[in-house]
Structures are given as C-alpha cells and as structure tokens.
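Here's the structure we're looking at; comments come further down.
Every chain is numbered from 1 and lettered A, B, ... according to where its sequence line falls, protein lines coming before strand lines. Heavy-atom basis, side chains included; hydrogens, waters and symmetry copies ignored.
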Protein chains: 2
Amino acid sequence: MVTSRDVAKLAGVSQPTVSRALTDHPRVSESTKKRVRDAALALGYSTNAIGRALSVGRSDRIGLVVTDLENQFYANMIAPLHRELEQHGHELVLITESPASAPLPERVAAHGLAGVILSTTTVDSVQPSRLRDRGIPFVYLNRTAPSARADSVTVDPEPGVRELLSEAVALGHTRIGAIFGPRNTSTGEQREQVVRAVLDEHGLALAQRDVLHGPFDFGTGYEGLRTLHERGGGPTLLLCGNDVVAVGALNAAAELGVPVPAGISIAGFDDLPTSRWALVRLSTVAYDLDAVAREAARLVVARVAKPDTELAHVVYPTHYVSRATVGGPRA
Amino acid sequence: MVTSRDVAKLAGVSQPTVSRALTDHPRVSESTKKRVRDAALALGYSTNAIGRALSVGRSDRIGLVVTDLENQFYANMIAPLHRELEQHGHELVLITESPASAPLPERVAAHGLAGVILSTTTVDSVQPSRLRDRGIPFVYLNRTAPSARADSVTVDPEPGVRELLSEAVALGHTRIGAIFGPRNTSTGEQREQVVRAVLDEHGLALAQRDVLHGPFDFGTGYEGLRTLHERGGGPTLLLCGNDVVAVGALNAAAELGVPVPAGISIAGFDDLPTSRWALVRLSTVAYDLDAVAREAARLVVARVAKPDTELAHVVYPTHYVSRATVGGPRA
DNA sequence: ATCGGTTGTGCATACGCATACAGTCGCGGT
DNA sequence: ACCGCGACTGTATGCGTATGCACAACCGAT
C-alpha cells in the first residue's frame with residue numbers, strides 16, 4: 001500500500017507537507033503542491049480514508065437507517081441519496097434496524113459514522129436521544145419526532161389529499177375506506193389525520209369497518225383489499241397509506257377480478273416510479289421524492305460540517321396526480 | 001467518546017487487556033474478561049471501527065459496485081446482500097462506477113474497503129487487474145471476466161431458455177425477436193449466445209431486423225417495442241435480456257394498445273419480485289436471485305478471511321416460469 | 001544593518017486499537 | 001530450595017493521517 005510517506009519521499013518533502021499539499025492548505029507553495037501532486041499521481045496514491053478518519057475524529061460516511069430494504073419506497077430513496085452524498089464527498093452505508101442486533105446508537109458509534117439519516121417508520125426503536133448524547137448528527141427523512149430536536153425533511157400531505165378528495169367527492173364517492181400505515185408512525189398518523197380532517201370538511205367520515213392499519217408494505221394492501229372484498233359491500237374508494245400498499249391492493253383486485261376503478265377506486269401516496277407504469281397507472285398523492293431525498297442528504301452533510309447551526313425543517317408540498325385507478329363509484 | 005482506555009481504567013486493567021478481553025483472546029482469564037465486559041457495558045463502550053481498521057490493516061466494509069442504483073435489478077440485490085454481510089459482521093457500502101469520478105481501484109483503496117462485489121454490466125470500467133495489484137479481494141456477481149481470476153457467482157441460462165423456447169415452439173412461434181443486453185457484457189452476451197444456440201436446435205434463427213440491443217433498463221424495452229411496432233409485422237414472441245427490459249416492453253405494449261400475449265408474447269429473465277405481480281404476470285427465465293446475492297456475499301467474506309484459497313465459481317441453474325405474457329402467436 | 005512580520009516547511013504528536021514482546025506470578029517437579 | 005514452565009497481563013509500538021508548534025528563510029521597512 002502506498003502511503004503519504006512514500007509520496008513525501010518521492011517529492012522530496014516531509015509527510016505532513018504531503019498532507020497539507022493535497023488538502024490545498026494555503027501555507028504550502030504552489031511549486032511544492034505541484035511536485036506533491038505529481039508524485040502522488042505517479043505512485044497512484046490516494047489518501048487513506050481510515051487514517052484520515054482516525055486523525056480528524058470522524059469519517060466521511062453517512063448511515064442510512066431504514067426499516068426494510070426490500071421495500072420499494074426505501075429502494076427509491078437510495079439512488080438519489082447516494083448521488084447527492086457522493087457529490088459532497090461522502091459515502092453511503094446501509095443500516096437496518098434489526099431488533100436482534102445491537103442498539104443503533106452503539107452500532108453507529110462503532111462504525112464511526114459521521115452522520116445518520118433516519119428514515120425508519122417506527123419512532124422509538126432508534127433512541128435518537130442517545131444518538132445526540134454521543135454527539136452523532138442525525139436527520140429525519142420523511143418522519144419527525146418532535147421531542148428529538150433534529151433537522152428533518154418531510155412532506156405536507158394536505159394539498160394533495162385535498163385535491164384527491166375534492167375529485168373523489170365530485171365523482172360521487174361517499175363510502176370511502178382506507179388502509180393507513182402503522183399507528184406508531186409519524187408519517188402514518190399524519191396522513192390519517194389529514195385525510196380525516198379533509199373528509200370532515202366535505203361532511204364525510206370513514207366508517208370504522210372500512211379502515212385498516214398495517215405496515216407500509218405490499219402485503220398490507222394485498223391482504224387489506226381481500227379482507228374488504230370478503231366482507232362485501234365495501235367502500236367505493238380505497239385510500240392507501242402509500243403507493244406500495246396501493247399496489248398491493250391493486251394486485252389483489254386484479255386477482256379477484258375486481259375491475260379498477262369500475263369495481264373500486266384506489267389511490268396511493270408517494271408517486272413511486274412504478275406507479276407511473278402503463279400497467280399500473282396509479283392515481284396518487286405525489287411529491288418530488290428525489291428532491292426530498294437529496295435535501296435530506298444535504299442536511300446531514302451541512303449538519304456534520306457545522307453541528308451548531310440552527311435546525312432546518314424542510315417541508316415539501318404534495319399534489320394529486322390523477323391517473324387510471326380513481327373513477328366514479330360503482331352503481 | 002468512550003475509548004478502550006476508559007474501559008481499562010474502570011476495570012483496573014491496561015488498555016491492551018481490554019482489547020484482548022473483548023476479542024475473546026484465549027490468554028485472558030475469565031474473571032478479567034467478565035470485569036472488562038461489565039465495565040464496557042457500564043460505559044456504553046463499543047470498539048471503534050476506525051481505530052480497529054487502522055490497526056489491523058483492513059476494515060470490515062464490503063463495497064458493492066453497480067452501474068446504476070436506479071435499476072430494479074440492483075435494487076433487488078441490495079437487501080439480500082446486506083442481510084448476509086451483516087450476519088458476518090460486515091457492512092455494505094454502495095459504489096457506482098461513475099466515469100466522472102476517480103478510477104475505481106483508487107476509490108476502493110482510499111475507502112479502505114476489505115473487499116468488493118462487482119456487479120457492473122460493463123466489463124472493463126473497473127480495471128479488475130489493478131484491483132488485484134492492490135491486493136483487494138473482489139468477487140463477480142452475475143458476470144464474469146475470464147482474464148481476471150476471481151471468485152464468481154453466475155447463472156446458467158441454458159435450462160431456462162431451453163424450456164422457454166420449447167414451449168414457444170410448441171405454441172407455434174416461428175418469428176421470434178429479441179432485445180438483448182449490451183454487447184460488451186458477459187451476462188448479455190451469454191444470454192444471447194444461448195438463445196441463438198437453442199433456437200438453432202429448433203431449426204429457427206433470429207432475423208436481423210428483429211434483434212435489438214441496449215442497456216438493461218426500462219427504456220431499452222420500452223423504446224424497443226415501440227420501434228418494432230412502428231416497423232409493423234414484427235415477431236410474435238419477443239425475448240428480453242432481463243425482466244426490467246421486458247417490463248419496459250410490456251408497458252409500451254399497454255400504451256400502444258397491443259394485447260399481450262394475443263398481439264405479441266413477451267418473455268423476460270431474472271424473475272424479479274415485480275414480475276410476479278398480478279398486474280404483470282411476466283413469463284420469465286427464473287433463478288434464485290436472493291440465493292445468488294447471498295452466495296456472492298459469502299464468497300467475498302470468505303475471500304477476505306482467506307485470500308489464498310482456491311477460487312470458487314458458483315453457477316446457479318435457471319428454469320422457466322410460465323405466467324401470462326407468453327401465449328400462442330397471433331393469427 | 002537590524003528587526004518585526006510573513007511564508008513555507010519540518011518535527012512531534014495524537015487519534016483508537018491490536019499485537020509482538022517482555023515481564024510477573026504461581027505452580028509442580030526435582 | 002531451586003528451576004522451569006505455563007498462565008496472565010503490562011509495556012512499547014505501529015497502523016496512516018492531520019495539526020499545533022517551532023523553526024528557517026526571506027521580505028520590506030526603518
């Protein structure tokens with residue numbers, strides 16, 4: 001392995017000078033900088049991230065903590081996050097919150113992460129307060145936790161939900177059901193509250209029996225629609241906690257031979273790329289998923305660089321995208 | 001930050017003893033081990049990965065190098081890879097081969113990765129020989145490069161393709177087209193060769209005008225089907241380089257109002273989870289994607305632990321899964 | 001010519017951990 | 001009683017980089 005000392009020898013300078021030259025320290029003359037750079041290039045040297053991390057006390061690695069990597073929602077977050085972090089010279093480390101393994105704060109500290117992006121659904125599992133105790137910057141992505149003071153980037157469901165329900169009401173839907181996300185989730189609860197509030201404005205309410213809850217995954221939507229179908233005479237419009245759930249419902253409907261939207265209308269939330277497929281054409285409450293992810297990346301990076309600046313709470317708007325899965329209620 | 005020295009002080013031993021106790025060194029008495037463990041627990045200590053990595057000369061981090069994180073194929077690899085690596089005490093770092101940034105070997109070395117899983121489509125971009133020069137273990141996932149001696153886990157297209165084409169011929173298809181993967185790809189080339197060979201056994205051949213090539217992405221399938229459709233009178237069965245391409249074609253067909261399989265049959269390769277959706281029901285050449293990914297993870301881990309053991313080339317079989325997108329040829 | 005100030009570089013050291021080596025202690029055998 | 005050996009544990013050091021500090025060289029001003 002070629003070290004900065006090797007470069008130093010070749011360039012005829014000391015090791016610290018190599019370090020300074022390569023980090024563009026102002027107190028190094030241009031001529032030495034050039035000599036050092038040439039030597040580094042000749043030897044194929046690139047500074048050892050581990051040594052650097054140990055020396056400066058932190059790495060350039062950002063952890064992304066998610067509940068479930070299989071989930072399409074998280075899968076779609078990874079690419080934009082990675083791109084943005086890479087541009088800032090950081091790398092992305094994936095972490096899942098498996099209850100089996102060590103508590104997250106310990107794992108994060110042990111891995112020497114510079115910062116963490118929390119995008120888990122369940123609120124308490126990561127013990128954010130203990131993260132703060134350890135001085136590890138973290139940012140909430142698509143969820144918040146008021147008690148834990150940290151940057152966050154979230155989405156405001158209201159405009160999108162308002163548009164969606166206006167259209168639904170105009171189409172004549174009165175019996176509306178929902179498959180919401182898990183109850184202990186800020187995202188899930190917020191979406192549920194907004195839906196109920198906006199429905200209330202229209203003089204409508206969700207019947208108890210038309211409301212289901214479950215994790216934000218395919219199975220929740222799939223099983224949910226089957227449950228409602230078995231009961232018979234269910235809602236004419238089914239609001240889903242997110243697109244993954246909605247697609248699960250859509251697939252169950254297809255299997256059961258229930259036409260969408262003629263038999264039942266289905267709406268989602270998130271506007272994932274798959275929802276735009278001609279095979280899916282999911283009507284959904286949309287927002288700029290890539291921008292949200294990139295913003296989270298920017299926030300951690302900024303927080304890592306300057307831990308004591310004012311907290312940022314970025315909120316993205318939503319809008320309704322009407323495609324093919326919401327139509328008039330069945331006769 | 002709590003260090004091993006803090007633990008040492010609390011436990012009344014020296015720092016090296018802490019290190020040895022926590023790594024379960026045989027020459028440390030059970031009583032001191034217990035005292036050290038208790039002290040560590042009391043202080044919430046976990047060994048600093050950076051310090052450890054610098055000391056032992058390598059980290060426990062495995063890099064996954066992919067062409068395109070957006071691609072569903074890679075997205076589906078990540079979860080099983082992560083799980084398997086985590087079980088072995090390694091973590092997963094994502095790396096994309098962006099031509100813009102530094103050459104991969106330098107980046108890998110700089111990040112201090114213990115090993116690398118190469119799952120890029122293009123063969124030469126990563127310069128595997130230079131990886132070997134630097135002594136960084138790497139493993140090929142879903143591709144090979146005969147010149148570079150390294151472990152690999154691949155898939156044998158033949159049994160699946162054979163089943164697929166038997167069924168297609170039995171159904172009466174004679175005019176068969178294909179959208180293959182990129183030409184400079186081991187996976188793409190292999191699949192193409194096998195298809196041509198098996199077709200040849202049936203006395204069939206691909207007409208030049210019915211064969212397209214392109215990257216393994218949605219757009220390739222989408223544009224490909226549109227191109228064939230515009231020309232008119234195309235093949236009755238379209239073989240796609242992988243499921244992502246096939247789904248692209250499927251969506252184009254849906255937009256164009258071409259019924260599948262009545263208007264055209266479409267087959268894929270990989271059997272991604274989305275291909276099983278009731279909305280998709282893609283007939284495809286399948287293999288155990290999770291097992292392939294996990295095997296790759298196991299191979300790097302083993303290679304990192306013992307760099308000089310014999311090379312492993314694991315090949316998984318394929319089989320054909322007949323769902324809804326392949327039927328008899330149009331009249 | 002002398003001196004304060006600036007510029008550029010080297011020296012020493014620290015980061016947290018692991019490990020080769022040296023040392024201590026206690027035990028059993030003669 | 002002495003020696004030797006094994007069982008533990010401490011000391012010293014190294015991994016590769018960054019950085020505070022000291023120092024040398026040089027500049028311009030008096």
Side-chain angles (χ1 to χ4, degrees), chain A residues 1-37 39-40 43-61 89 106 108-114 134-136, chain B residues 1-37 39-40 43-61 89 106 108-114 134-136:
Chain A
M1 168 178 282
V2 37
T3 75
S4 61
R5 228 172 291 272
D6 301 326
V7 177
K9 195 183 298 177
L10 180 60
V13 296
S14 71
Q15 177 269 322
T17 297
V18 171
S19 170
R20 282 187 281 245
L22 295 180
T23 54
D24 214 32
H25 189 103
R27 288 300 188 71
V28 174
S29 71
E30 272 310 319
S31 59
T32 12
K33 276 183 187 171
K34 174 151 176 35
R35 240 181 326 134
V36 169
R37 274 195 294 260
L43 296 176
Y45 169 82
S46 51
T47 105
N48 181 315
I50 298 180
R52 178 190 172 84
L54 185 60
S55 185
V56 302
R58 74 178 138 79
S59 68
D60 52 2
R61 306 159 52 207
E106 274 70 19
V108 168
H111 287 321
L113 297 183
R134 289 170 170 269
I136 299 166
Chain B
M1 168 178 283
V2 36
T3 75
S4 61
R5 228 172 291 272
D6 301 326
V7 177
K9 195 182 297 176
L10 180 59
V13 296
S14 70
Q15 176 268 321
T17 297
V18 171
S19 169
R20 283 185 284 243
L22 294 180
T23 54
D24 214 32
H25 189 103
R27 288 299 190 71
V28 174
S29 72
E30 272 309 319
S31 59
T32 23
K33 276 182 188 172
K34 173 151 177 33
R35 242 184 320 138
V36 169
R37 275 195 294 261
L43 297 176
Y45 169 82
S46 51
T47 103
N48 180 315
I50 297 180
R52 179 192 170 83
L54 186 60
S55 184
V56 302
R58 73 179 140 78
S59 68
D60 52 1
R61 307 159 51 206
E106 273 71 19
V108 168
H111 286 322
L113 297 183
R134 289 169 170 271
I136 299 165

Tell me, do [X] and [Y] make a side-chain contact under 4.5 Å, heavy atoms counted?
X	Y	value
A/V36	A/L22	yes
B/V13	B/R20	no
A/K34	A/E30	no

Between [X] ([atom1]) and [N] ([atom2]), how many Å, whole number?
X	N	atom1	atom2	answer
B/L54	C/dA18	CG	C1'	10 Å
A/D6	D/dG16	CG	P	9 Å
B/R58	C/dG16	CZ	P	22 Å
B/H25	C/dC21	NE2	P	14 Å
B/L22	C/dG16	CG	P	16 Å
A/H111	C/dC17	NE2	P	14 Å
A/I50	C/dA18	CD1	P	13 Å
B/Q15	D/dG14	CD	C1'	12 Å

Is a donor on one side and an acceptor on the other found under 3.5 Å between the side chain of [X] and the backbone of [Y]?
X	Y	answer
B/R61	B/H111	yes
A/S4	A/S19	no
B/R35	B/A11	yes
B/R5	B/Q15	no

Considering only [options], which nucleotide approaches the side chain of [X] most closely?
X	options	answer
B/Y45	C/dC17, D/dT17, D/dG10	C/dC17
A/T17	C/dC17, C/dG10, D/dT17	C/dG10
B/S29	C/dA12, D/dT9, D/dG16	D/dT9

Item checked: Pairwise 5' ranking along DNA chain C for A/G51 and A/T32, keeping only the more 5' one -> A/T32
Next item on the list: Identify, between B/T47 and A/K33, the residue whose nearest nucleotide on DNA chain C lies closer to the 5' end.
Entry: A/K33
Using a heavy-atom cut-off of under 4.0 Å over every strand shown, decide if [X] touches base, sugar-phosphate, or nothing.
X	result
B/S14	base
A/V18	nothing
A/S19	base

Checklist line | Angle of first-five versus last-five pair axes in the helix from C/dA1-D/dT30 to C/dT30-D/dA1, to 10 degrees | finding: 50°
Checklist line | Polar pair under 3.5 Å, donor/acceptor by atom type, side chain A/R27, base C/dG10 | finding: no
Margin query: Can you tell me whether the side chain of B/S55 and the base of D/dG14 have a donor-acceptor pair closer than 3.5 Å?
Written below: yes
Notebook entry, point to check: Closest approach of A/K33 and A/V28, non-hydrogen atoms and distance?
Noted result: CE-O, 3.5 Å
Note to self: Return whichever of A/S4 or A/R20 has its heavy-atom-nearest nucleotide of DNA chain D closer to the 5' end.
What the structure shows: A/S4
Notebook entry, point to check: Under 4.0 Å between a side-chain N or O of B/R52 and OP1 or OP2 of C/dG16?
Noted result: no
